Amino acid sequence: MSCSLYFLSYCIALLVFAFCDLPLEVESRAFFVFGDSLVDNGNNNYLVTSARADSPPYGIDYPTHRATGRFSNGLNIPDIISEQLGMEPTLPYLAPQLTGDRLLVGANFASAGVGILNDTGIQFFNIIRIGKQLEYFEQYQRRVSGLIGAEQTEQLVNSALILITLGGNDFVNNYYLVPFSARSRQFSLPDYVVYLISEYRKILQKLYDLGGRRVLVTGTGPIGCVPAELAQRSRSGECSVELQRAAALFNTQLTQMLADLNSQIGANVFIAANTYTMNMDFVSNPQAYGFVTSKIACCGQGPYNGIGLCTPLSNLCPNRDIYAFWDPFHPSERANRIIVQQILTGSSEYMNPMNLSTIMALDSRT
């Protein structure tokens, strides 16, 4: 009898050790990121493409002081959201380190240069177009199912926070890339925006079908005011009226489309983040936010430091915290922090139908 009791306790001990090696109930919230260079944290480093931020001075203010593939002097918007919510930052989906338990944190699928349309960013050659990003998301879910099972994977995805940032490139790297572009010959601007919104709706519906239930959708920023466009289109530092019109048309229709989708679903799945107004606050009054300029990029060359790419040979400002723009297209880390603060706590002028803090509070009760 004592022998069989010993054997039983030995088996129980083996089972305990076996279960200790299995992932338990996923308690922390996963975070998934889709979109373009505003949120890419290094996927393009693993691709043969010209849309890369893998050399200095990119990353000069990142904790490692090294270029990481982020189009920033330091942290980008997803990094800061993770930081503010106390979550571990996500890894790029293509990073070889994204295995095992790290998968449970989530993943960043974004790729610099992409847009809503497949022909956006064709000049960059090999980038992860949004359809492929969604395919990777399906692949991700199969990989995680192998770790924690299909039911827990569905739970992880359903309870996750998702950020998607698309649209700006469909204007600056497609419709307005060259005079008389193929798309501008095909569509008037109002018709092009209607087409973009209809295509974006399909992308967001697919994201919902793949399990997304809390999706932050950013609009375009003030694309007519970035240093790259000032350098090409401005005589005395004024924003491009045409590109600002494009952004206004797009953002208005995007917010309406998200409301329609939520109404169709019967829940507030999609949250509109009015990044146009968030950016315009400090673009139109930089001094009020501690910036010396919102016209000149910290890193670049030519008028407004807006020509070409940020490279080791570019002009480089000594204090990135007083520049609203890091390079010809992308906000500085400090500007990104202002944007994230509005995402977290902003009024209905910035976040519709609710801000991220409200989402987190609501979801913690369910």
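Since the model is a prediction, treat every value here as computed from it, not as a measurement. What's counted below: heavy atoms across the whole structure, side chains too, no hydrogens, waters or symmetry copies.
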Have Asp260 and Ser263 got a donor and an acceptor in their side chains that come within less than 3.5 Å? no
Ignoring hydrogens and geometry beyond distance, is a side-chain donor-acceptor pair present between Ser332 and Arg334 at under 3.5 Å? no
I'd like to know if the side chain of Ser159 reaches the main chain of Gln155, judged simply by a donor and an acceptor atom lying under 3.5 Å from each other, with no hydrogens or angles considered. yes
Check this for me, if you would: do Arg70 and Asp40 make a salt bridge, where the nitrogen-to-carboxylate-oxygen distance has to be below 4.0 angstrom? no
Does anything in residues 58-78 pair up under ring-ring contact (aromatic ring centres under 6.0 Å, His included), and if so which pairs, sequence neighbours excluded? Tyr58-Phe71, Tyr58-Trp326, Phe71-His330
Verify, without hydrogens or angle tests, whether Tyr304 (side chain) and Ala228 (backbone) share a donor-acceptor contact under 3.5 angstrom. no
Which label fits Phe34 and Phe109: parallel for a plane angle under 30°, tilted from 30 to 60°, or perpendicular past 60°? parallel
Test item: Asn279 side-chain N/O and Pro222 main-chain N/O as donor-acceptor pair under 3.5 Å: no
Test the Lys202-Tyr200 pair against the cation-pi criterion, namely NZ or CZ under 6.0 angstrom from the six-membered ring centroid and within 45° of the ring axis. no
Give a yes or no on whether the backbone of Glu154 and the side-chain of Gln141 come within a donor-acceptor separation of less than 3.5 Å. no
Can you list the residues that meet the side chain to side chain donor-acceptor pair (under 3.5 Å) rule with Gln342, with sequence neighbours excluded? none
Tell me if the centroids of the rings in Tyr140 and Phe32 come within less than 6.0 Å of each other. yes
Check for a donor-acceptor pair, side chain of Thr293 on one end and backbone N or O of Ile296 on the other, with a separation under 3.5 Å. yes
Please report the interatomic distance OG1(Thr99) to CZ(Arg143), rounded to the nearest 0.5 Å. 7.5 Å
Given Asp79 and Asn336, is the side chain to side chain contact (heavy atoms under 4.5 Å, CB included) satisfied, shown in steps? CA-CA 10 Å; Asp79 294 324; Asn336 281 333; over 6 Å; no
When you compare the side chains of Ser314 and Gln301, does any donor N or O come within less than 3.5 Å of an acceptor on the partner? yes
Applying the side chain to side chain contact (heavy atoms under 4.5 Å, CB included) criterion to Tyr323, which one of Pro331, Ser294, Cys298 satisfies it? Cys298
Say whether Asn355 and Thr358, considering side chains only, have a donor N or O and an acceptor N or O under 3.5 Å apart. yes
For the pair Gln287 (side chain) and Val292 (backbone), establish whether a donor and an acceptor sit closer than 3.5 Å, ignoring hydrogens and angles. yes
Using side-chain heavy atoms (C-beta onward) and a distance below 4.5 Å, is Ile127 in contact with Asn44? yes
Using atom types as modelled and distance alone, determine if a side-chain donor or acceptor of Arg66 lies under 3.5 Å from a backbone N or O of Ser55. no
Taking Thr90 for its side chain and Ala107 for its backbone only, find out whether a donor-acceptor pair lies under 3.5 Å. no
Side-chain donor-acceptor contact under 3.5 Å, Asn274 with Asn251: no
Suppose the criterion is disulfide bond (SG atoms under 2.5 Å apart): which pairs have a residue in residues 146-232, not counting sequence neighbours? Cys225-Cys239
Lys/Arg N to Asp/Glu carboxylate O, Glu135 vs Lys206, below 4.0 Å: no
Look at atom CD1 of Ile122 and say whether more than 12 heavy atoms of other residues, nucleotides or ligands are closer to it than 6.0 Å. no
Counting only heavy atoms not in Gln97, do more than 12 sit closer than 6.0 Å to its CD atom? yes
Would you say that Tyr175 contacts Leu196 through its side chain, given a criterion of any heavy-atom pair below 4.5 Å between the two side chains? no
According to the interplanar angle, ranging from 0 to 90°, do the rings of Tyr192 and Tyr195 count as parallel (below 30°), tilted (30 to 60°) or perpendicular (above 60°)? tilted
What's the separation between atom OG in Ser72 and atom CG in Leu38, rounded to the nearest 0.5 Å? 10.5 Å
Does any pair with a residue in residues 223-237 pass side-chain hydrogen bond (donor to acceptor under 3.5 Å, both in side chains), and if so which ones, sequence neighbours excluded? Glu229-Arg233, Ser234-Glu238, Ser236-Glu238
With a 3.5 Å cut-off and no angle check, do the side chains of Thr120 and Asn169 form a donor-acceptor pair? no
Of all heavy-atom pairs between Leu316 and Ile60, which one has the smallest distance, and what is that distance? CD2-CD1, 3.9 Å
Within the 4.5 Å heavy-atom criterion, are Arg245 and Pro190 side-chain neighbours or not? yes
Please determine, by modelled atom types, if Gln186 and Arg183 share a side-chain donor-acceptor pair under 3.5 angstrom. yes
Could you please spell out the steps behind the side chain to side chain contact (heavy atoms under 4.5 Å, CB included) verdict for Arg214 and Asn268? CA-CA 8 Å; Arg214 285 296 194 196; Asn268 288 322; 4.2 Å; yes
Are Ser82 and Glu88 side-chain neighbours, meaning at least one heavy-atom pair lies under 4.5 Å? no
Run the numbers on Tyr350 and Thr345 for side chain to side chain contact (heavy atoms under 4.5 Å, CB included), then give the verdict. CA-CA 9 Å; Tyr350 300 97; Thr345 62; over 6 Å; no
Applying side chain to side chain donor-acceptor pair (under 3.5 Å), can you list everything that pairs with Asn315, at least two apart in sequence or on another chain? Asn305
Side chain to side chain contact (heavy atoms under 4.5 Å, CB included) between Leu161 and Leu85: does it pass, once the steps are laid out? CA-CA 11 Å; Leu161 179 66; Leu85 297 182; 3.9 Å; yes
Of all heavy-atom pairs between Cys310 and Asp327, which one has the smallest distance, and what is that distance? CB-CB, 4.0 Å
Heavy-atom closest pair (Gly219 atom, Leu254 atom, distance to 0.1 Å) is CA-CD2, 3.8 Å
Donor-acceptor side-chain pairing of Asp54 and Asn45 below 3.5 angstrom: no
Backbone N or O of Ala273 within a donor-acceptor pair of the Thr218 side chain at under 3.5 Å? no
My understanding is that only residues two or more places apart in sequence, or in another chain, count here; which of them pass side chain to side chain donor-acceptor pair (under 3.5 Å) with Asn41? Asn108
